[in-house]
Amino acid sequence: MLDMKLIREETERVRKGIRDKQMPEAEKSLNQLLILDEEFRLLRSDLEEKQALRNANSKKIGELKRKGESADEIMREMSTLSEEVKRLEEKSRSLSQHMDSLMLDIPNLVHESVPYGESEHDNQVVKELGEKPSFSFKPKPHWDLAVDKGWIDFERGVKTTGAGFPIFIGEGSRLVRALKNYFLNTLADKGYIEISPPLMVNPTSAMATGQLPDKEGQMYEVTDGFFLVPTSELVLTGMHRDEILDADMLPLKYCGFSACFRRESGSYGKDVRGINRVHQFDKVEMVQFTTPEASYDALEEMTAISEGILEELGLPYRRLFMCTGDIGFTQAKKYDLEVWSAGQERWLEVSSLSNITDFQARRLKTRYREGGAAGKGKPEIVHTLNGSALAFPRTIAAILENNQNEDGSVTLPKVLQPYFGKSTMG
RNA sequence: GGAGAGAUGCCAGAGUGGUUGAAUGGGCCGGUCUCGAAAACCGGUGUAGGGCAUUGCUCUACCGAGGGUUCGAAUCCCUCUCUCUCCGCCA
């Protein structure tokens with residue numbers, strides 16, 4: 001959510017942002033919002049004047065009654081005034097509700113460094129590192145490799161749950177566990193506080209973090225009105241909703257492991273083959289709360305951490321600088337990291353890192369000041385960032401495919417071996 | 001799941017229809033005292049939005065959330081949410 005003041009005072013910047021993000025529908029909302037804002041402010045000043053009069057009169061009535069004098073005349077006046085106030089209050093409420101829903105259509109402004117582009121084809125590859133492995137045999141895609149070795153069972157996953165719910169078995173499961181510990185230890189060593197989050201959130205959290213209303217179709221809703229988390233970000237950032245943080249706590253860094261649940265309706269083809277895109281997957285997520293001055297540096301820091309992990313894993317990767325047309329509604333600046341998967345001979349997205357500036361925190365009402373809630377000075381809205389380190393399935397796909405041997409065994413990256421307890425799978 | 005109690009400012013806690021943005025205590029900030037500190041004493045200490053003006057005054061809203069009663073609601077009524085205690089059940 002943007003600041004209404006910004007929308008009002010820097011309308012053309014907001015309009016340009018909408019156009020750059022290729023969201024023409026949002027411009028209609030913007031236009032309507034400006035009209036309603038005007039109307040709302042007029043209504044407001046009228047209402048407040050009448051409220052002030054009502055307050056003054058009711059004070060007078062109190063005084064008269066205490067003195068034992070008649071207040072009938074003022075009371076008669078008041079009943080019409082009160083009705084008018086009530087009418088205006090209701091109008092103001094419905095106007096502001098309408099405005100709130102329009103506000104949700106306006107995307108975040110992008111950072112000036114973000115390249116202009118109309119679609120995913122315009123994203124820029126700003127970094128490419130690592131050697132793509134070469135083989136003396138034809139490397140298999142993971143869906144053959146892992147199934148042959150019994151590490152992943154897709155069919156039984158369909159049996160127990162449905163398509164897109166693979167079961168990791170034996171050393172497959174052990175690899176998941178090794179990755180989890182490796183990722184979390186690495187992040188803890190970098191100063192990230194580890195969180196084991198709930199896997200369901202309430203609609204308020206889903207709304208405040210920006211998953212609702214626009215991404216409702218992406219989440220699974222369970223019968224008690226909760227949503228299964230599509231990412232632990234909802235908990236890691238949502239935990240500080242309605243709080244004023246102590247400035248000394250910033251930057252506040254969290255990391256969390258969780259299963260992530262996504263409907264992924266409309267996906268098909270090679271994108272969903274194997275574990276490239278599934279309905280439930282594990283992910284370790286990083287989140288930061290920073291001051292406005294620090295957020296863009298924090299994005300670089302987080303990106304460096306995810307890239308460092310890929311380098312330690314020996315996976316060739318590239319970094320995409322997402323263009324205005326592909327960056328997403330809430331983000332001001334975003335990088336995607338993709339690993340090379342030798343069996344599929346394509347790049348797979350394993351991490352997405354974004355600076356959301358104050359866009360999410362405004363809705364969350366997460367602010368900061370010297371001394372925290374009991375402190376002095378005006379509270380400022382924090383900046384929030386999030387990034388994956390990393391999503392498991394595609395990382396696993398790349399590890400298996402890139403490190404496979406002719407007999408189907410997999411020589412694990414050095415860094416994982418102590419976590420796995422062995423150097424080889426299979 | 002059953003029964004009861006509660007939700008007020010940074011915290012504790014009063015307030016049960018009128019001058020209450022809210023007593024009192026604690027904390028925090030500033031000051032007096034002191035060589036310095038403690039103690040004591042004095043003063044200050046919310047959020048959001050608007051107006052004037054320019055860094056101060058003023059108006060409005062906010063006492064879990066939403067409705068209602070009333071000329072007037074923190075205070076009365078209804079609904080919801082959450083917390084606590086006891087019982088039951090259970091990893």
Side-chain angles (χ1 to χ4, degrees), chain A residues 1-10 33-34 36-103 196 198-208 212 221-227 235 238-250 252 358-382:
Chain A
M1 190 169 68
L2 289 178
D3 185 8
M4 189 58 226
K5 206 164 170 181
L6 176 92
I7 295 174
R8 185 158 58 229
E9 289 170 5
E10 298 182 53
L33 189 56
L34 290 165
L36 291 185
D37 178 53
E38 192 73 18
E39 193 181 333
F40 180 74
R41 283 146 59 83
L42 280 171
L43 176 76
R44 221 41 231 179
S45 69
D46 187 21
L47 169 62
E48 287 183 8
E49 232 170 77
K50 291 193 162 75
Q51 283 172 324
L53 183 60
R54 182 182 67 178
N55 290 347
N57 279 351
S58 96
K59 207 172 269 189
K60 236 180 271 171
I61 291 171
E63 277 165 27
L64 288 173
K65 291 218 162 177
R66 214 166 316 105
K67 280 191 276 184
E69 293 173 21
S70 160
D72 292 356
E73 198 181 324
I74 304 186
M75 278 169 66
R76 222 170 309 137
E77 222 175 277
M78 279 284 273
S79 68
T80 53
L81 180 63
S82 284
E83 257 165 59
E84 179 70 1
V85 166
K86 212 167 276 182
R87 196 179 65 79
L88 292 175
E89 276 173 344
E90 193 168 321
K91 204 166 163 196
S92 150
R93 216 181 359 251
S94 80
L95 251 180
S96 108
Q97 267 168 18
H98 193 176
M99 285 172 68
D100 284 347
S101 77
L102 289 171
M103 290 280 279
S196 282
L199 297 182
M200 299 194 281
V201 294
N202 55 37
T204 311
S205 290
M207 177 67 82
L212 289 178
E221 187 173 3
V222 301
T223 48
D224 284 6
F226 296 126
F227 292 93
V235 174
M239 22 187 308
H240 291 299
R241 177 161 56 85
D242 287 322
E243 290 185 29
I244 299 176
L245 305 173
D246 192 326
D248 292 346
M249 292 163 68
L250 303 181
L252 182 56
D358 60 3
F359 192 80
Q360 186 179 46
R362 182 168 293 107
R363 247 202 262 184
L364 284 167
K365 294 204 214 45
T366 302
R367 293 166 293 171
Y368 76 98
R369 64 148 70 124
E370 292 299 326
K376 287 206 182 288
K378 204 175 164 54
E380 301 251 12
I381 299 173
V382 300

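Just so it is clear: chains get the letters A, B, ... in the order the sequence lines come, proteins before strands, and each one is counted from 1.
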Handout entry: Under the ring-ring contact (aromatic ring centres under 6.0 Å, His included) test, residues paired with A:Tyr368 that sit two or more places apart
Key = none
Non-neighbouring partners of [X] that pass salt bridge (charged side-chain N to carboxylate O under 4.0 Å, His left out), sequence neighbours left out:
X        : result
A:Glu370 : none
A:Arg362 : A:Asp358
A:Glu243 : none
A:Asp46  : A:Lys50

Which base sits across from [N] as a Watson-Crick or G-U pair, both distances under 3.5 Å?
N      : value
B:rG18 : B:rC71
B:rC33 : none
B:rC89 : none
B:rG46 : B:rC62
B:rG4  : B:rC84
B:rA39 : none

Atom pairs, protein N/O to nucleotides 9-11 of chain B N/O, distance under 3.5 Å:
none

Atom [atom1] of [X] to atom [atom2] of [N]: distance rounded to whole Å?
X        : N      : atom1 : atom2 : value
A:Asp246 : B:rG27 : CG    : C1'   : 15 Å
A:Glu243 : B:rU47 : CD    : C1'   : 15 Å
A:Gln51  : B:rC59 : CD    : P     : 13 Å

Exercise for the section: Pick base, sugar-phosphate or nothing for A:Gly377, based on heavy-atom distances below 4.0 Å to the nucleic acid. Expected result: sugar-phosphate
Completion exercise
The complete set of salt bridge (charged side-chain N to carboxylate O under 4.0 Å, His left out) pairs with one or both residues in residues 79-89 of chain A, sequence neighbours excluded, reads A:Glu84-A:Arg87
Problem - side chain to side chain donor-acceptor pair (under 3.5 Å) partners for A:Ser205, two or more places apart - result: A:Asn202
Exercise for the section: Just jot down the side chain to side chain donor-acceptor pair (under 3.5 Å) partners of A:Arg54, sequence neighbours excluded, or say none. Expected result: none
Under 3.5 Å, N/O pairs linking protein and nucleotides 49-51 of chain B:
unit_1	atom_1	unit_2	atom_2	d
B:rG49	N2	A:Glu48	OE1	3.3
B:rG50	OP1	A:Arg8	NH2	3.3

Exercise for the section: State which residues pass side chain to side chain contact (heavy atoms under 4.5 Å, CB included) with A:Met239; sequence neighbours excluded, sorted by chain then number. Expected result: A:Ile195, A:Tyr254
Problem - Any A:Asn55 side-chain nitrogen or oxygen under 4.0 Å from OP1 or OP2 of B:rA61 - result: yes
Exercise for the section: Sugar-phosphate atoms are those with a prime plus P, OP1 and OP2; base atoms are the rest. Using that split, label each nucleotide of nucleotides 65-75 of chain B B, S or - for protein heavy atoms under 4.0 Å, 5' to 3'. Expected result: --S-SBBS---
